[in-house]
There are 4 protein chains.
Amino acid sequence: MFNLNPNTGVPIYRQLMEQVRRMVSSSQLKPGDALPSVRELAMTHAVNPMTISKAYSMLEAEGLLERQRGKAMTVAGNLPLQESKPDRLERLQPAIENLAMAARQLELGSDDVLKAVREHMEKQDA
Amino acid sequence: MFNLNPNTGVPIYRQLMEQVRRMVSSSQLKPGDALPSVRELAMTHAVNPMTISKAYSMLEAEGLLERQRGKAMTVAGNLPLQESKPDRLERLQPAIENLAMAARQLELGSDDVLKAVREHMEKQDA
Amino acid sequence: MFNLNPNTGVPIYRQLMEQVRRMVSSSQLKPGDALPSVRELAMTHAVNPMTISKAYSMLEAEGLLERQRGKAMTVAGNLPLQESKPDRLERLQPAIENLAMAARQLELGSDDVLKAVREHMEKQDA
Amino acid sequence: MFNLNPNTGVPIYRQLMEQVRRMVSSSQLKPGDALPSVRELAMTHAVNPMTISKAYSMLEAEGLLERQRGKAMTVAGNLPLQESKPDRLERLQPAIENLAMAARQLELGSDDVLKAVREHMEKQDA
DNA sequence: GTGGTCTAGACCACC
DNA sequence: GTGGTCTAGACCACA
């Protein structure tokens, strides 16, 4: 469900926050849905529970998640519906810019890049 | 030439190191070429000179750059030629994986992603 | 400057957040002013630095404080001026309600309460 | 009768314990008086019954309350009479100190504070 | 020097 | 079982 990599330089809690935001944006996580428990996520990703907890707390402060005492955190109930495709494409932009910059610096043209992206995504779908 | 963003969580010096490596990998920076001076880069990107200097020093320790007293740092002279396209595509993988993960979490299909990437890269070329 | 009590049941980081908000509200801390460093505050109050850091981080997320790399945190520069007296009295309400509830349950009348408050505040001023 | 606020950070059971102690201290609850049932209090304050029960049990352990099988809990019969006014003023101190600290940080003088307290208590009496 | 991140582990509050 | 808070201590990024 989530993909946390401690070696990228991006803090783990920030990776998680961003990924939760995206899952909510696409309605793979809907208002009222429970998130994985702090301990469970910490176990499966071999990360300290506090690191997960920090991400959840900050998303709660943002209003994206809600806490219910003694229960798992849930997606906030007062959120707008699934974001439109243009909005979600907007959220994709940073990853695209990052890719394009790398390609430019590697002198790889759009043909090569598009081919590599297509292959990766097809392999993933399969 | 470079693109340094202090807000991503990735340390600035690591962003710079990675970007220099890519430019060398593609021979946009060739053995003997001078890099921008620490001061210049620090000015244009509003970054502390020590941060630039640290990146350069670590690349020097890696053998990618050479320092000549009183002159700008240059790309090391004993480097292999431009990397082959497969090698450079390999360097592109992390950015592709990052993009694919974001797309999956946003529930955007490969068609939409490829279209967005193509548009971004064309706009950039223009 | 601050008053942190670990025995009230109110989390320390929340006590600190509330007190910083009040100091800013009254302009005892003005935009641009530096706050005590995390380590300093942790030392003087015998509290773990992370506890202080957590309060500061959450106030930053709120927009009340700003972080400058390598420097102490400062009060955000884009804040409105000192709050009006009615606004500050509004902030005082929870403490007043708490006092009134206690007085009611202790069957102490407003005369006794006002006298006690006056005495406490005069002693404090002296 | 009681005032339980889940958002202050103070555990609910501690809020309740403190308030019961004050009611007993002022003889608004006298030895032999029955307390509201766990279920009733839990309902009216939208709190988990176990939370109420825990507060009652701890007050029982303190000797302030007595449990009679199948009946409501009552105030213990062997308690001293109503506390003297100085004793009750002593119990009020924490709330006063809290108020004075808030006022100081908000730069509100004793005149303003006393006025606000008086107004609040009069409104409450009315 | 500053703050940030993470860990390992404890105890608490609540369901 | 859930999340929350705190500690002690390590290492990193940045000025």
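From a predicted model like this one, the values you see are computed outputs, not experimental measurements. Residue numbers begin at 1 in each chain, while the letters A, B, ... track the order of the sequences.
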Can you tell me how far [atom2] of [N] sits from [atom1] of [X], to the nearest Å?
{"X": "D:His45", "N": "E:dC14", "atom1": "NE2", "atom2": "P", "value": "14 Å"}
{"X": "C:Leu4", "N": "F:dC6", "atom1": "CG", "atom2": "C1'", "value": "13 Å"}
{"X": "D:Met50", "N": "E:dC12", "atom1": "CE", "atom2": "C1'", "value": "13 Å"}
{"X": "A:Tyr56", "N": "F:dT2", "atom1": "OH", "atom2": "P", "value": "11 Å"}
{"X": "C:Leu41", "N": "F:dT7", "atom1": "CG", "atom2": "P", "value": "12 Å"}
{"X": "C:Leu35", "N": "E:dT2", "atom1": "CG", "atom2": "C1'", "value": "13 Å"}
{"X": "B:Leu16", "N": "F:dC14", "atom1": "CG", "atom2": "P", "value": "11 Å"}
{"X": "C:Met58", "N": "E:dG4", "atom1": "CE", "atom2": "C1'", "value": "16 Å"}

**Asked** For C:Gln68 and A:Gln68, take the nucleotide of DNA chain E holding the closest heavy atom to each; which residue's nucleotide lies nearer the 5' end?
**Response** C:Gln68

**Request:** With DNA chain E as reference, determine whether A:Ala46 or C:Glu40 sits nearer its 5' end, using the nearest nucleotide of each.
**Result:**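 Its nucleotide being nearer the 5' end, the pick is C:Glu40.
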
**Request:** Once you apply the 3.5 Å cut-off to both distances, tell me the Watson-Crick or G-U wobble partner of E:dC14, or none.
**Result:** F:dG1

**Request:** May I ask you to say whether C:Arg67 pairs ionically with C:Glu60, meaning some side-chain N is under 4.0 Å from a carboxylate O?
**Result:** yes

**Asked** Does A:Arg22 pair with B:Glu107 as a salt bridge, N-O distance under 4.0 Å?
**Response** no

Between [X] and [N], is there a contact of a side-chain N or O with OP1 or OP2 at under 4.0 Å?
{"X": "C:Tyr13", "N": "F:dC6", "result": "no"}
{"X": "C:Ser37", "N": "E:dG1", "result": "no"}
{"X": "C:Arg67", "N": "E:dG4", "result": "yes"}
{"X": "C:Lys54", "N": "F:dT5", "result": "yes"}
{"X": "A:Thr51", "N": "E:dT5", "result": "no"}

**Prompt:** Between C:Ile12 and A:Arg39, which is nearer to the 5' end of DNA chain F once each is assigned its nearest nucleotide?
**Reply:**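 Its nearest nucleotide lies further toward 5', so the answer is A:Arg39.
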
**Prompt:** Is a donor on one side and an acceptor on the other found under 3.5 Å between the side chain of B:Ser57 and the backbone of B:Ser53?
**Reply:**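 Looks like yes, one N/O pair under 3.5 Å.
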
**Message:** With rounding to the nearest 0.5 angstrom, report the CD to CG distance, A:Gln93 to B:Leu99.
**Reply:** 10.0 Å

**Message:** Is there, by distance only and without an angle test, a donor paired with an acceptor across the side chain of C:Asn48 and the base of F:dA8 below 3.5 Å?
**Reply:**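 When only heavy-atom distances are counted, C:Asn48 does reach the base of F:dA8 through a donor-acceptor pair under 3.5 Å.
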
**Request:** Indicate the atoms forming the closest heavy-atom contact of C:Gln15 with C:Thr8, along with that distance.
**Result:**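 Scanning both residues, the minimum pair turns out to be NE2-OG1, 3.3 Å.
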
